[in-house]
Structures are given as C-alpha cells and as structure tokens.
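In this text, all values refer to a predicted model and were calculated from it rather than measured experimentally. Residue numbers start from 1 in every chain, and the chains themselves are labelled A, B, ... in the order their sequence lines are given, proteins ahead of strands.
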4 protein chains.
Amino acid sequence: MKIDAGSHVPIYRQIADQIRTAIAAGVYRPGEALPSLRVLALDVKVNPNTVQRAYDDLLRQGTVYSRRGKGLFVAEQGTVTAQQGTEKSLARALDEAIRNARAAGMHANQIRGLFNTSIRRVYGKGD
Amino acid sequence: MKIDAGSHVPIYRQIADQIRTAIAAGVYRPGEALPSLRVLALDVKVNPNTVQRAYDDLLRQGTVYSRRGKGLFVAEQGTVTAQQGTEKSLARALDEAIRNARAAGMHANQIRGLFNTSIRRVYGKGD
Amino acid sequence: MKIDAGSHVPIYRQIADQIRTAIAAGVYRPGEALPSLRVLALDVKVNPNTVQRAYDDLLRQGTVYSRRGKGLFVAEQGTVTAQQGTEKSLARALDEAIRNARAAGMHANQIRGLFNTSIRRVYGKGD
Amino acid sequence: MKIDAGSHVPIYRQIADQIRTAIAAGVYRPGEALPSLRVLALDVKVNPNTVQRAYDDLLRQGTVYSRRGKGLFVAEQGTVTAQQGTEKSLARALDEAIRNARAAGMHANQIRGLFNTSIRRVYGKGD
DNA sequence: GTGGTCTAGACCACA
DNA sequence: GTGGTCTAGACCACG
C-alpha cells in the first residue's frame, strides 16, 4: 500500500482505489475480511477517519459489506464490481481530457505525444 | 460557454479554460476585447467575482491585459500563450489520470490500451 | 505631451505631472493661462473628463486657480509649488521601494544594480 | 506584520510581500508551516479571503504548497523563489518610479541624484 | 460603463 | 481544525 502525500488525489481515494484493485486482483476473495480500520490506519500512517472514508466508498459501491462487531467483508459480487470500477474511472478521466483538448483545437497526434510523455514521467522508462 | 456546476472542476477554472481555448482557436484575436466581467457573469449566471477570478488566471499568464476603464484585451502574444496554456492543462490532466491509475495498481500497458480506446472514441478512426 | 497608454500610471496623472513639470520649468509663468480643457483633450486624444481630473489635481494642490468663464491660470506661487511636487513624489517612491528591499534582506549594492538596470531600461543607453 | 490600510498597494499584496520577505529571510524554512488563513486574518484584522488571495500569489509562484486539511508549507525551493520574487518586486517598483519621473520631464541624472540620496537615507553611509 | 479590491458569510473536501 | 470555492454586495479608480 503506497500513499503519495504530494499528489492532489485525496488520500482516502488512494486507499479506496488500492483496496478495490486488490479485490479485483483476487488478493481479497468474496467473504474474506479486510484489514481492520485501526490496523490499516497504523500501516499507512494516516488518521483512522481517512481510512473510514475510504471504506465508506467501498461500502456505498457494494464491493464490501459490514458485519457488526466483526469487520468488513468482500461481497459476493465484489471481485466483479471492483474490476469494473477501476477501469471505468480511468476511461472517464481520459475521455474528458481528450474531449477538452479536441475542443481546444489540438490534433490527435499532439495528444498522443503528450500522453507518451506523461506515461513516461509517471512510470519511468521501464515497465 | 457551458458551465457544469456539478463538476469537481471549479467554475472559475472552467471559464478560464474555455476562454483560453477560444483565444487559442482565434475566436478572440490579439488586440480584441473580451466580454466584460459583468456581461459574462450574467451570461453564465455566476457571480462577477467568479469571472474575475477566471480572468485573473489569463492575466497572470500574460494571455490578456487590462486597460483601465476600458476592458480586457487579448495580448499580442495571446494566441500563442493560450495554446501553450491549453497543452499544459492537458498534460496536467493526463498526469493526474495516469498517477491515479498507477496508484490503483494498473500497468502501463493497460493504461495505453484504454487511452487508445478513448482517443478513437473521441476522434473516430481517422485523423 | 506624451501619454503612455500601456503604463500602469493613470493617464490623468501623467497629464497632471507633465503640466506641473512645465510650470516648474517656467513654460507657463504665474498669471498665465493653461490650455483649455477641450483643446488639451483633443491634443492628447483623451476623454475631456480625464483632462478635467488632471486639472483638478493641480487646483487642489494650489498650483493653479480658475477664473469663471476664463479658464485656468498659474498661481502666484505656482512655479515653486510645482517644483517641489515633482521631486518630492519621486523621492517618496524611491524611499519606499528601498525600504522594502532592505526589509527583505537585500544589500545596498544589489539595489544599486537593479536601479541601474531599471534606468537603462526606461531611458535607453543614451541620456 | 504591519498593514497600511491607507496605502494604494492592495492589502493582499502587502501581506504576500511580507510573507515572501519572511521566507526569503529564512524566518520560515522549507517544510515549515505558515500561519493558517484564519489565524493570520485575525492577526492582521482582515477578511480571511484577503489572506487567501495573498497566499494564492505564493502558491502560484511555487514558493509554498498546500496539504489538504493540514495547512500551507514552504516549498523545498521556497527560500530561493522567494528571494527571486523579492527582486522582481523591487525591479517593478523602480521601473514604475523611473517611468513616472521621466513622464514628468525629469532627466536621468536628476533621478540618479535622488536615488543616491534615498539609498543613503535608508542604509546610512556605511554598508 | 470598465476592471480591482474588500468584506461577510456560506458550504465543501479533507485530516 | 485546515484550505478552496462561491455568492452578494459594497466601494474605489478610471474613462
């Protein structure tokens, strides 16, 4: 679990995204328990409130459900909904950025160039 | 001029981006006056202060300049700086989307695939 | 009479300053009439209101006085008060700028360097 | 922190300049937190919005950065950019003062004389 | 009429 | 608690 404190993306969203990804990847299987609020908070060194908010996101989305006094568990359909969530959110962001650029008169190839620059900047030359 | 009040992007930034885009596209030419604060505020139905803030962005960037009591005018180099501004804004959006995706555990190639899908969706097969 | 429309100095102040300087230099002697509002407005191609405001400044300062229906005339002490006005205003501006720079920790020689750069920028190499 | 409400310099700029000066002088070191919006607003008895606007200047300049819910912090390069900002601000003030003087008909050498007087008045003979 | 500054007070996201 | 955005309404300088 890696938190980028410098990013403009809220920490709670970074946490929720990574948990969601882990569920999508099968790290947490349906019916399995998630790490407890306090444990996770200690792990990533943030305020428990922040973890709480991340878990709220997953609850609202139906990816996990809570058992009183027991903790949070991955829902039956959790793996599926998690997989959909991550990609859909990226696709939406890309669509919006590209639409804006097109409205500003940029050509597809200009956008492709900037995209390649960006992905290299984020991932480095390798990967 | 279309404002999405529900968007997470601040209204003043939406306005600045659209005006910048219009300048980049040559809708407003160097030396030409922009719509006055109050007129534009009435047009998009926001507070004049909000428009003012949008114009501030363009002023600081040197895309436009103000003449006392006369109005705001596109700078000599306005078309160029506006185009640069548009690129910078796209690069920022791409960086953020990619950083999010990476934090969520996606690989660069998955992102590349979604990007290609997005750009085809927006531009069509040609271009 | 030269007006710099691009300057941040209000036009009415530019006019007032130049009239004041002309009086200080003896171009207009005590008792002599100043150019009429409309004539001067046509001359420098500005709104008569703007010239009016410039003349207001000189009136308030006591450098000139008005004779109903006749026009504006240089006051008995006009030459003297005009001379004092110009230099005092510059000295005040310089003092403030230098005090600020000192508060920011700059050394006198750094300020001297920037001053020389500025004066060359405004006057050119010659003069 | 001293604000001159009567000055023609906007309050938000006075605040920004003084904070910038403090950073340049090392009063606030990189990584250190600035006084919060509301605290500073109470301190100098202005509206929090006005302080916000001052901080905006420093943010855009990259001298400080914000951490969500935590506060504003001096950037890694903050001391340097603050020093640069201070110089830029002095250069602007000198340019304007000299331009005014020139428009009022003064010669470069007259201005040089007044400048030397001013700098001696502020710094004394030594330095 | 124009842009520029300021206030008071609200609501939001975040920790 | 923090910063960020927005509104309503005021006053100013300028032309």
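- Heavy-atom distances to DNA chain F give each of D/H8 and B/V9 a nearest nucleotide, and the one nearer the 5′ end belongs to B/V9.
- If you take CG of D/D56 and P of E/dT5, they are 13 Å apart, rounded to a whole angstrom.
- Taking atom CG of B/L37 as the reference point, atom C1' of E/dG1 lies 12 Å away to the nearest angstrom.
- Pair assignment for E/dT2 gives F/dA13, based on Watson-Crick or G-U wobble hydrogen-bonding distances that are each under 3.5 Å.
- Between B/Q52 and E/dT5, a side-chain N or O to OP1/OP2 separation shorter than 4.0 Å is absent.
- Spacing between atom CD of A/Q14 and atom C1' of E/dA13 amounts to 15 Å, rounded to whole angstrom units.
- Atom-to-atom, CZ of B/F73 to P of F/dG15 comes out at 12 Å; the value is rounded to the nearest Å.
- The backbone N or O of C/K2 lies less than 3.5 Å from a partner atom in the side chain of C/Q18, making a donor-acceptor pair.
- When the side-chain nitrogen and oxygen atoms of D/T50 are compared with OP1 and OP2 of E/dT5, none of them lie within a distance under 4.0 Å.
- The line from CD1 of A/I15 to CD of A/Q52 is 11.5 Å long, rounded to the nearest 0.5 Å.
- Of the candidate nucleotides F/dG9, E/dT2, F/dT5, F/dG9 has the atom nearest to the side chain of B/N49.
- B/R67 comes within contact range of no nucleotide atom at all, as no heavy-atom separation falls under 4.0 Å.
- Between B/S66 and E/dG4, a side-chain N or O to OP1/OP2 separation shorter than 4.0 Å is present.
- Sequence order on DNA chain F of the closest nucleotides to C/P10 and B/I11 puts B/I11 first from the 5' end.
- Straight-line distance from the CG atom of B/D57 to the C1' atom of E/dG4: 16 Å, rounded to whole Å.
- Ion pairing of B/D56 with B/R53 is absent here, as no side-chain N (NZ or NE/NH1/NH2) approaches a carboxylate O to less than 4.0 Å.
- Using a 4.0 Å cut-off between charged side-chain N and carboxylate O, D/R20 and D/D17 make a salt bridge.
- Each of D/R38 and D/P48 has a nearest nucleotide on DNA chain E; the 5'-most of these lies closest to D/P48.
- Set against E/dG3, E/dC14, F/dT2, the side chain of A/Y12 has E/dC14 as its closest nucleotide.
- If you measure from atom CG of D/L42 to atom P of F/dG3, you get 12 Å, rounded to the nearest angstrom.
- Between the D/R102 side chain and the C/V122 main chain, a donor and an acceptor come within less than 3.5 Å of each other.
- Checking E/dG3, E/dA15, F/dG15 against the side-chain heavy atoms of D/R68 singles out E/dA15 as nearest.
- Across all strands, B/V46 comes closer than 4.0 Å only to sugar-phosphate atoms, never to a base (heavy-atom distances).
- Of the two residues near DNA chain E, D/N47 and A/R53, the one whose nearest nucleotide lies more 5' is D/N47.
- Here E/dA15 is the nucleotide among E/dT7, E/dT2, E/dA15 with the atom lying nearest to any side-chain atom of D/K70.
- Residue B/S36 places at least one side-chain N or O closer than 4.0 Å to OP1 or OP2 of E/dT2.
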